[in-house]
Amino acid sequence: MKISKEVHAQARRLMRLCLGEDGLLQEDTVRLVAARLQAEQPRNYLALLTAFAELIRLEQARRTATITSAVPLTPEEQAAIRSKLDARTPGLRYQWLVEPALIAGMTVRVGDELTDASVRSRIERLSRLSSI
């Protein structure tokens, strides 16, 4: 479905309505806006609802921190990571994953920003340097 610039602009306006004073997404407002769009069915409402849903998905991804470590982290380690990330970006949701292939260390992804402090990535960088 092709979505016009006008519909994208309307979706962005609706998205701004769903942000609280703290800049965080207000889930109850999102539900209310989506329900109202479905009930009233304005012109191009399917395209508007699609664009709005995509903006919501992107905002949620931007506010989600995914921490992947080689071994399970202790509650103290998780708390330390949370405090550092919350100081930088308040209002994050956390997802903790374990991936033994990292060998040691961890990766932290917040939105589209990735910080890779794993041994696997260091080994890969060294192997690329040695092949030059």
Side-chain angles (χ1 to χ4, degrees):
M1 168 185 315
K2 184 159 172 94
I3 299 175
S4 69
K5 289 181 183 180
E6 178 184 318
V7 170
H8 274 290
Q10 289 173 341
R12 284 191 300 274
R13 283 193 294 275
L14 290 174
M15 176 67 184
R16 282 193 296 273
L17 289 173
C18 295
L19 297 176
E21 291 179 13
D22 54 1
L24 300 177
L25 199 58
Q26 305 296 313
E27 290 184 32
D28 54 339
T29 308
V30 171
R31 285 190 197 99
L32 180 66
V33 167
R36 193 108 184 245
L37 282 173
Q38 288 178 333
E40 293 180 10
Q41 296 186 357
R43 183 174 161 223
N44 293 328
Y45 87 97
L46 285 177
L48 180 57
L49 197 56
T50 301
F52 179 66
E54 179 64 13
L55 289 174
I56 296 297
R57 186 191 66 74
L58 291 172
E59 179 65 19
Q60 287 177 330
R62 193 173 71 83
R63 295 288 183 175
T64 300
T66 303
I67 296 90
T68 307
S69 59
V71 296
L73 298 174
T74 65
E76 294 81 21
E77 291 169 329
Q78 288 183 2
I81 292 168
R82 279 180 198 260
S83 67
K84 288 181 182 180
L85 290 175
D86 283 339
R88 204 173 72 185
T89 310
L92 289 174
R93 292 179 308 152
Y94 291 90
Q95 182 177 23
W96 305 92
L97 303 173
V98 176
E99 186 179 321
L102 293 178
I103 303 171
M106 70 178 71
T107 63
V108 178
R109 179 180 294 277
V110 178
D112 60 353
E113 181 182 326
L114 175 68
T115 304
D116 191 344
S118 67
V119 171
R120 178 181 68 187
S121 69
R122 291 180 186 178
I123 291 171
E124 287 172 359
R125 279 183 278 177
L126 285 172
S127 68
R128 279 183 286 196
L129 286 175
S130 65
S131 64
I132 293 178

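Listed here is the closest heavy atom pair of A70 and V98: O-CG1, 3.6 Å. Closest heavy-atom contact between V33 and C18: CG2-SG, 3.9 Å. Closest approach of A51 and V7 over heavy atoms only: CB-CG1, 4.5 Å. The minimum heavy-atom distance linking R93 with T64 is given by the pair NH2-OG1, 2.8 Å. The two residues L85 and A65 make their nearest non-hydrogen contact at CD1-CB, 4.1 Å.
Between the CG atom of L37 and the CG atom of N44 there is a distance of 11.5 Å, given to the nearest 0.5 Å. Remark: T50 OG1 to H8 NE2 distance equals 10.0 Å, nearest 0.5 Å.
Note on Y94 and L73: same hydrophobic cluster, where clusters join Ile, Leu, Val, Met, Phe, Trp and Tyr whose side-chain heavy atoms are under 4.5 Å apart, directly or indirectly. By the rule that hydrophobic residues join a cluster once side-chain heavy atoms approach within less than 4.5 Å of another member, L92 and W96 end up as members of one cluster. By the criterion of side-chain heavy atoms lying less than 4.5 angstrom apart, applied directly or through intervening Ile, Leu, Val, Met, Phe, Trp or Tyr residues, L19 is grouped together with V30 in one hydrophobic cluster.
Counting only heavy atoms from C-beta outward, the side chains of E77 and M106 never approach each other to under 4.5 Å. For the pair L114 and V108, the minimum side-chain heavy-atom distance is 4.5 Å or more. The closest side-chain heavy-atom distance from M15 to L25 is below 4.5 Å.
Remark: side-chain polar atoms of R63 are not paired, donor with acceptor, to backbone N or O of G111 under 3.5 angstrom. Remark: the backbone N or O of Q38 is not paired with any side-chain donor or acceptor of E40 at under 3.5 angstrom. In this structure, the side chain of E113 does not engage the main chain of V110 through any donor-acceptor pair within 3.5 Å.
A salt bridge is defined here as a Lys NZ or Arg NE, NH1 or NH2 lying under 4.0 Å from an Asp or Glu carboxylate O, and E124 with R128 fails to meet this definition.
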